[in-house]
Structure formats: structure tokens, C-alpha cells
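Source: prediction; values computed, not measured. The sequence lines fix the lettering, A, B, ..., with proteins before strands; numbering per chain opens at 1.
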Amino acid sequence: MTVTAPTPAPATEVSKSSGTRLVDRVFKMRELAILVVFLVMIAITQAGNSQFLSEQGIKDLLLNATILVLVATGQSLVVITRNVDLSVGSTLGITAYAAGTYLNGGGNPVVAIALAVLLGIGVGLLNGLLVSLGQVPALVVTLGTMYIIRGVDSIWVGSSQITAADLPGGFVDFGSGGISAVPYLALIALAVLIATAYYLKHFGSGRELYALGSNPEAARLAGIPVRKRTLVAYTFCGALAGLAGAMYLARFGNVDSGTGTGYELTVVSAVVVGGVVFTGGSGSVYGAALGALLLTSINGVLPALGVSSVWVLAINGILLLLAIAVDRVVALRVASALKKRNARHA
Amino acid sequence: MTHPSDTGPAPVLALKDISKSFGAVRALRGVSLELFPGEVHALAGENGAGKSTLIKTLAGVHRPDSGQVLLDGEPVVFHGPGDARDAGIAVIYQEPTLFPDLSIAENIFMGRQPRRALGRIDHKATHTATAALMQRLGVDLDPDRPARGLSIADQQIVEIAKALSFDARVLIMDEPTAALTGSEVARLFGVVRTLREQGAAVLFISHRLEEIFEICRRVTTLRDGAWIASEPVEGMTEDDLVRRMVGRDLDELYPKQDVEPGEVALSVRRLTREGVFTDVSFEVRCGEIVGLAGLVGAGRTEVARAVFGIDRWDAGEVEVQGHRLTNGAPSTAMAAGLALVPEDRRAQGLVMDMSIERNIGLTGLRTTVKAGLMDRGAERSRSLDWAVKLQVKYARIADTVNTLSGGNQQKVVLAKWLATGPKVLIVDEPTRGIDVGTKAEVHRLLSQLAADGVAVLMISSDLPEVLGMADRVLVMHEGRLTAEIPRSEATEETVMAAATGRAAA
Ligand SMILES: Nc1ncnc2c1ncn2[C@@H]1O[C@H](COP(=O)(O)OP(=O)(O)OP(=O)(O)O)[C@@H](O)[C@H]1O
Ligand SMILES: [Mg+2]
């Protein structure tokens with residue numbers, strides 16, 4: 001919508017706000033769509049099984065979603081920079097075990113959580129350094145660290161395991177407690193989510209993550225410290241995986257060497273279903289959180305409807321493909337809408 | 001040839017004896033340059049002469065192999081583009097470097113957004129400042145729309161706005177006008193003059209020599225990476241400048257052959273794409289070169305894209321040599337003998353990290369495939385052939401395209417499409433970023449193609465080129481064809497009048 005007439009035509013308010021709205025609407029729509037699918041699914045399930053939305057039912061749903069929301073939030077930051085972190089499952093497993101071992105030895109719960117987060121930060125730093133320094137794709141690097149951490153975990157844990165009985169009662173109570181139907185853990189995750197979203201939108205370094213994923217070469221030319229930002233994204237992702245590990249421990253009380261195996265793929269699915277584009281540069285953590293909520297609730301819904309849980313994976317896969325297809329269609333639509341608005345007349 | 005330091009104050013920025021090689025390619029060989037406050041300085045040279053490399057050295061993108069960069073007389077080392085920016089150097093690179101997912105406002109202020117308390121971004125101020133910049137440049141781009149899908153000219157304008165957005169002491173512009181038409185260029189020059197009066201130093205690159213004479217005070221010429229001269233523009237003629245750049249006198253720039261037009265090769269009837277262009281009808285005959293002129297955004301590129309089948313049209317029809325084309329199907333268009341050289345070489349014309357050879361070979365896959373396998377030998381010889389014809393400057397034909405200079409990339413795009421042996425050739429800004437010598441070469445080539453019976457539709461923002469090469473000039477204004485002017489009546493005035501809608505009534 002440019003006018004290149006000799007006299008600058010005053011930009012009308014209408015065209016300005018319509019531009020904003022178009023773009024905003026698409027993103028809101030994306031998040032709204034997931035929300036609607038989620039609500040419809042819940043409604044159907046509730047109609048088929050009135051026990052589903054009992055206080056305990058809601059609480060379970062939220063508790064199950066909480067951990068995935070946390071890890072997906074961290075993963076979003078990495079994906080926005082056009083990278084990926086496949087080591088989050090292993091990180092969650094090892095941090096949960098570390099915190100559990102510490103508590104088992106009579107440690108303080110707060111210190112245990114800090115320990116898990118610090119360990120996560122360490123892993124994140126390692127990933128970030130490898131990805132930003134080596135010219136190796138993130139997929140390969142984090143696949144490597146995923147196996148390394150899992151390997152270390154297996155050697156360390158062996159065939160032993162942590163059970164709820166090994167943990168202080170207060171810690172376990174905190175993990176399952178809450179304010180009526182809302183678990184404490186969900187509140188923590190929500191706080192992290194809101195803070196992250198605020199950071200991404202309102203702080204220069206947050207916007208630079210988007211810039212980085214959108215066009216790495218241009219980011220370099222714009223003087224954005226590419227390595228530093230990549231490092232920050234991975235470190236944050238690692239920290240949240242660590243926090244999620246501590247929460248996992250509090251929630252389930254049960255950790256062994258296999259904890260978190262394969263979790264990274266669920267996380268990546270949640271992020272993509274939530275509209276964070278895999279090629280970087282766009283998407284929001286709210287979307288990712290909604291994606292996480294949707295994926296976890298399917299796990300809960302199917303049994304409630306009497307469907308065998310063997311279907312869960314297939315349905316997750318279908319959702320993923322559906323999300324990608326929708327993104328593609330929306331992208332094409334937006335592109336052609338923008339094209340039309342390019343023509344400086346209508 | 002005056003010695004630069006004769007003139008008044010000390011240079012803000014200077015290069016001393018800079019050399020830079022990429023592998024075996026010596027892009028710069030002992031180049032020196034001084035930029036003074038309040039001067040617009042031109043950098044001239046053929047494609048691949050090293051202009052962009054020099055700029056990237058000033059901007060901290062490349063580290064020189066030897067030599068010094070001096071800021072206010074003090075040697076500095078820029079470790080990255082950020083350092084140069086902090087020193088007050090704003091750069092417009094030859095290829096737009098935008099973030100497609102982010103809004104125009106964010107693109108402009110990335111890394112230095114206005115802040116509120118606690119270091120938070122002031123989104124409102126960012127928006128307002130962007131709107132003000134757009135006003136200043138006389139364009140009406142919505143600050144909140146994403147950069148994705150902007151035309152090359154609009155991308156260029158965002159780049160210009162970006163460079164203007166901080167009060168730079170040094171403004172470096174690598175072919176900012178290559179995609180712009182007269183009125184946008186006039187706007188830009190207005191802004192540049194203001195900056196000059198405020199004491200900024202401007203380094204300006206353009207292959208449109210008349211622009212250098214219009215706005216620059218001194219010009220530095222490079223040839224094959226070597227410094228040739230730094231001298232005042234006043235008193236020079238275009239021929240002088242060309243001689244410095246090329247090292248010899250130039251043949252005629254517009255070698256148009258007179259050809260008796262044959263039968264209709266391309267016929268476009270009442271073509272409409274809603275909201276983009278309306279009711280466009282024209283014919284191009286064998287042997288004819290038809291120019292398509294108009295302001296940026298008039299819909300020229302969009303018509304070409306629709307004709308070729310990249311975008312769908314909503315009404316109308318297109319025929320190539322009597323064959324109706326299918327709506328939205330480039331493959332049938334290609335089969336009918338249509339070729340389109342697109343304006344955006346990076347996005348549409350080239351696979352940047354593939355070799356020159358393979359890029360030229362891409363369009364010929366059908367002819368160079370034998371029994372389902374690629375005939376690499378045939379591909380290579382065909383590619384070499386065209387690379388030589390267009391004088392592409394490269395080290396090895398197996399080098400990737402992204403190591404070429406901008407103008408040489410453009411030649412590869414041309415080669416790729418000419419290699420298909422089209423009956424109807426649509427060229428969108430065929431000489432964007434191409435130096436005068438090669439421009440003449442491209443013109444001769446187009447003229448020769450026409451003489452061989454090819455119908456050529458040439459979209460160009462370079463008005464002298466349209467006037468010099470076209471048998472007929474079609475002019476578009478706001479999505480409609482507003483005039484068809486025969487060669488004998490086409491002048492700068494008649495075309496501009498139709499393009500700005502003054503004659504449309
Ligand atoms: N990254 C690179 N790797 C290898 N060679 C390069 C690279 N960048 C530039 N070159 C080579 O250096 C030479 C100078 O290129 P440069 O881009 O500076 O030319 P230019 O004067 O800007 O030309 P143009 O007018 O076409 O833009 C060319 O031969 C080019 O192929
Ligand atoms: Mg260049």
C-alpha cells in the first residue's frame with residue numbers, strides 16, 4: 001500500500017490499522033483455533049463421561065500438562081531461533097534423578113529445585129556452545145547430547161530408582177497439592193509462561209531471537225550478537241527442562257534411568273502444533289503452551305471415552321500433520337493478501 | 001586528478017591501502033579512499049570490480065587482509081557490523097537484508113528500538129518513528145505489516161529508511177536505486193542532500209551514471225579490485241567515467257536494430273487480477289521489443305508473473321503463438337516457449353548455494369537428461385557457453401552463485417533463461433545492478449534475439465533503457481495500461497506523464 005505520487009498521501013488511519021489487524025488476526029486465529037479444538041474435545045468428553053471434569057479430573061489434566069508446558073516454553077525459544085533442542089527429555093530425566101538423590105540424602109527442597117535448574121543450565125550452555133561455535137546443525141548436535149546425557153544417566157542411575165518414599169513428605173504434597181482444582185505446579189508454569197511471553201515481546205534481546213530465526217544473515221549484518229543470543233536461548237531451554245525435572249519428581253515421585261525417554265518428540269510436537277514455525281522467526285510461547293495442553297489432554301480424554309490408549313500416538317501424529325498443513329495454508333493466504341495490499345491501489 | 005586531502009576538513013572515514021582476497025580471487029588490491037563530511041562520494045566500477053567488498057570492509061563485515069580503516073584519522077578495527085554501526089556508519093547493502101517475519105518497524109529498529117522504563121521496547125514510539133521515516137521518503141508503507149512479500153523496490157525503501165533511522169555520520173549505499181524509478185530516486189536524493197547539508201558523509205554506488213553526475217561531488221573508480229582514480233565529478237563526462245571503469249571506450253549503449261515485426265507471438269487480452277491489475281490487453285510481435293514502463297508498484301511485475309503463470313489471474317486470457325495458456329501453470333507457459341527473467345534474483349532467480357553451472361543448467365534439465373540421468377557434460381558445456389556470452393566474471397564455473405558480485409548474479413539469471421531458447425521472452429529489470437559495459441552487452445543480446453524473431457517484453461525502471469531499446473512503450477499506472485507510445489513519440493515526458501497518471505484522463 002505505498003503511494004509514490006509526488007505528494008505524499010497522508011496515510012489513512014484505516015489502512016494502518018487494517019494492516020495491524022490482518023497480521024494480528026492470523027496469529028490470534030492460530031492460537032484461538034487450538035483453544036477451540038481443545039474446548040470442543042473437552043466438551044465432547046464431558047458429555048460422554050460426566051466424571052471427566054470433576055475437581056480431581058481438572059487437576060489431573062492441569063498437572064499432566066504443566067510439565068510439558070514448561071519444557072515446550074523453553075523449546076519454543078530455541079525453535080524461534082531456527083534451532084532445536086532434542087536433549088530436553090534426557091535433561092529432564094537426569095535433573096529429576098539428581099534432585100531426587102539430593103532430597104533422599106536429606107536435602108532442602110528449595111535447594112533441590114535450584115540444583116535441578118542449575119544442572120539444566122549446564123546442559124543448555126553445553127548445547128548452546130556446541131551449536132553456536134561449531135558449524136554443525138542443531139539437530140545433529142542435540143541428538144548427540146541427548147544420547148550422551150542419557151548414557152551418563154544410565155551409568156549413574158543403573159537399575160536403582162527414586163520412589164516417593166525416598167522424598168520428604170512436604171515436597172510430594174507440594175507436587176500434588178493446589179488451590180482447589182489448580183495445582184501449585186501449574187501456577188508456577190503459568191508464571192514462567194507469562195514472564196517469557198512478556199520478555200519475548202517487550203525486550204530487545206527477545207525480539208532479536210525472532211530476527212535471528214527469521215534471517216540469520218541479516219541478523220549478523222544488523223549487528224545482533226548471534227552466538228550470544230543462541231546461547232541464551234539454549235540456556236533458558238535447559239533451565240526450564242531442569243525445572244521441569246524437579247517438578248516431575250514432585251509430581252510423580254518416581255524416577256529411574258528411563259525417565260523422560262522420547263519426551264523431546266512430544267515437546268517438539270507440542271511446539272509445532274502450537275504454531276511455532278520450525279523454520280524459525282515466528283510463533284509464540286502461548287501457542288506452544290496451548291499445543292502442550294492439547295496434546296496432554298488427548299492422553300486423558302481417550303481413556304475417559306473408553307478408547308484404547310494405543311491410539312494416542314497416532315492421533316498426536318495426525319494433529320501434528322494437521323497443524324503443519326494449516327500453517328501452510330494460512331501462510332499462503334497471508335502471502336496473497338499481502339501481495340494484494342502491495343498493489344498500491346484497490 | 002586532485003589529491004583528496006587538498007579539500008578542507010579531515011576525512012571522517014578513510015581506507016588506506018586495503019587488500020582483501022577470497023581464496024584465489026583478489027577482490028581488493030591496495031585501495032585507498034577518503035570520505036569527507038558534507039560530501040557525496042561515488043564509487044564506480046564494473047561488476048565484480050570490488051565495490052561491495054570495499055563497502056563490507058568499511059562496515060565491519062569483512063576484515064581486510066592488509067591495510068587500515070581510519071575513523072577520524074585514528075586506525076580502527078571493526079570486529080563486526082555492530083562495531084561499525086556504533087561508530088555512526090549506516091550501510092545499505094546491495095541485497096536487501098530484511099527479516100521476513102517481522103514488521104517493517106521492527107526491521108528498521110532491530111537492535112536499537114526506542115526504550116521505555118526498565119529497558120522495555122516502546123512499541124508505540126517505534127511505530128511513530130517508522131511512520132515519520134516513511135513520510136520523509138514519501139511512501140506509504142504500513143509500519144506494522146511484515147516484510148515478507150514486499151517488492152524489491154519496497155524492500156529497498158525499507159533498507160533506506162533503516163539507514164536513515166539513526167543519525168549516521170557516514171551513510172554508505174550500495175546500489176540503493178537499482179530497483180527504483182525516477183520519482184523514488186528523486187525522493188531519496190532529496191533526503192541525501194539534506195543529510196549532506198547536515199554534514200554527513202555519503203558513499204554512493206550506482207551503475208546509472210547519470211545519478212552519479214546528479215548527486216556526487218567526487219568519484220572513486222575501481223577496476224578489477226585496483227584503485228584507478230579519485231577525482232571531482234565536475235568537468236567529467238560520462239564517457240570519461242566509463243573509460244576509467246572499463247579501461248577502453250565503450251560501444252553504443254543502446255544498439256537497437258530495426259526489425260520488421262512479424263506475427264503476434266504473445267497476446268494478452270483483458271487480463272485482470274483483482275486488486276492488483278485490471279483489464280490489461282496488449283500484443284507483442286515476433287521481432288519486437290516492447291517496453292513496459294510505470295512507477296514502482298504500478299503492477300508491471302504482477303502482470304508478468306500472471307502471464308507466466310506464477311500467480312493466477314481472475315479474468316482474461318493469454319496466448320503464446322496461438323496457444324491458450326492455462327491459468328497458473330508456468331510449466332505450460334515454458335512449454336509454449338515463454339521465458340521469464342524475474343526481478344528478484346535471490347528469491348526467484350537463483351539457487352544461491354548451487355554452482356553457476358547448475359544454476360544455468362536448471363532450466364535445461366529436460367534437454368540435458370539422458371535416459372533419466374543428468375548429462376553433466378552437456379550441462380557444463382551449455383552453461384559455459386552462456387557464461388562466456390554474458391561475460392560472467394567468476395573464478396570457476398563450479399563455484400557457488402553466492403560468491404559472485406551482484407551484477408554477475410544477474411547475468412547468471414539471464415543466462416539461465418536465455419539458455420531455454422524462448423520464443424517469447426519477458427525480462428523484468430534485466431539490467432538491474434549490471435555495469436554499463438555489460439548493459440550494452442545485454443542490450444545487444446536482446447536486440448539480437450529480437451532480430452532472430454523472438455518477441456521481447458521488457459519491464460524496466462531505467463527510463464533511458466526503455467526509450468533506447470523499445471519499439472513500443474506500454475505504460476502502466478495503478479494497475480491499468482494507460483498508454484501505448486510508439487518509439488517515435490516516446491520521450492521522457494510522455495512516458496512519465498502516463499506513468500504518473502497525468503495523461504490518463
Ligand atoms: N564471499 C565471497 N567469496 C568469494 N568471492 C567473492 C566473495 N565476495 C565477493 N567475491 C568476489 O570478489 C569480487 C568483487 O566482488 P564485489 O561484490 O565486491 O563486486 P562489485 O564491484 O560490488 O560488483 P557489482 O557491481 O556486480 O555489485 C568478485 O570477483 C566476486 O566474485
Ligand atoms: Mg556489488
Side-chain angles (χ1 to χ4, degrees), chain A residues 1-12 15-24 26 80 198-199 201-208 210-215 217-226 277 279-283 331 334-346, chain B residues 59-61 80-86 91 93 96-103 106-107 110-113 115 119-121 123 131 134-135 137-146 148-151 154 157 181 183-184 187 273-277 295-299 302 311 478-479 500-501:
Chain A
M1 287 223 132
T2 338
V3 176
T4 14
T7 46
T12 54
S15 81
K16 287 261 149 76
S17 54
S18 84
T20 324
R21 259 188 282 131
L22 175 83
V23 177
D24 274 2
V26 171
I80 283 169
Y198 192 84
Y199 163 76
K201 187 158 168 43
H202 293 285
F203 284 86
S205 49
R207 300 313 298 166
E208 288 177 9
Y210 282 91
L212 193 59
S214 194
N215 185 347
E217 177 60 20
R220 202 172 67 84
L221 290 178
I224 293 174
V226 173
V277 179
T279 45
S282 90
V334 173
S336 85
L338 285 175
K339 271 258 157 53
K340 294 212 165 167
R341 287 179 342 110
N342 266 348
R344 299 146 189 221
H345 44 83
Chain B
V61 178
D83 285 357
R85 190 187 65 196
D86 296 341
V91 186
Y93 296 100
T97 51
L98 299 180
F99 307 111
D101 300 291
L102 302 185
S103 72
E106 287 208 271
N107 263 288
M110 182 52 69
R112 25 183 207 92
Q113 299 92 339
R115 299 296 160 94
R120 289 167 305 159
I121 296 172
H123 292 291
M134 293 300 155
Q135 270 274 327
L137 289 169
V139 294
D140 180 20
L141 282 171
D142 177 359
D144 293 322
R145 70 155 280 169
R148 172 162 286 136
L150 283 177
S151 71
D154 284 342
I157 284 170
T181 58
S183 52
E184 293 108 9
R187 279 271 168 195
R273 180 168 156 85
E274 259 166 60
V276 182
F277 54 82
L295 296 183
V296 165
E302 289 72 13
D311 297 333
E478 300 200 338
T500 50

Indicate yes or no: at least one non-hydrogen side-chain atom of V61(B) is less than 4.5 angstrom from one of R220(A). yes
Looking at G119(B), P81(B), G82(B), which one has more heavy-atom pairs under 4.5 Å with chain A than the rest? P81(B)
Hey, could you give me the NE2/CZ distance between H202(A) and R115(B), rounded to the nearest 0.5 Å? 13.0 Å
Pairwise side-chain contact, I121(B) with K201(A), heavy-atom cut-off 4.5 Å (strictly under): no
Return the OG to CZ distance between S214(A) and R148(B), rounded to the nearest 0.5 Å. 6.5 Å
Within a strict 4.5 Å, meaning less than it, do heavy atoms of the Y210(A) and E106(B) side chains meet? no
Give, as side chain, backbone, both or neither, the part of R85(B) having an atom under 4.5 angstrom from any heavy atom of chain A. side chain
Given that the side chain runs from C-beta out, which part of R112(B) has a heavy atom under 4.5 Å from chain A: side chain, backbone, both or neither? neither
Scanning both residues in full, the closest heavy-atom pair of S282(A) with D101(B) reads CB-OD1, 4.0 Å
Region of L221(A) that comes under 4.5 Å of a non-hydrogen atom in chain B: both
Find the distance between CD (E217(A)) and OH (Y93(B)) and round it off to the nearest 0.5 Å. 9.0 Å
Smallest heavy-atom separation, F99(B) atom then A211(A) atom, equals CD2-O, 3.3 Å
Does any backbone or side-chain atom of Y198(A) lie under 4.5 Å from a heavy atom of chain B? Answer side chain, backbone, both or neither. side chain
With side chains defined as the heavy atoms from C-beta onward, is the minimum distance between N215(A) and L98(B) less than 4.5 Å? no
Heavy-atom pair count under 4.5 Å with chain A, highest-scoring of S103(B), P100(B), A59(B): P100(B)
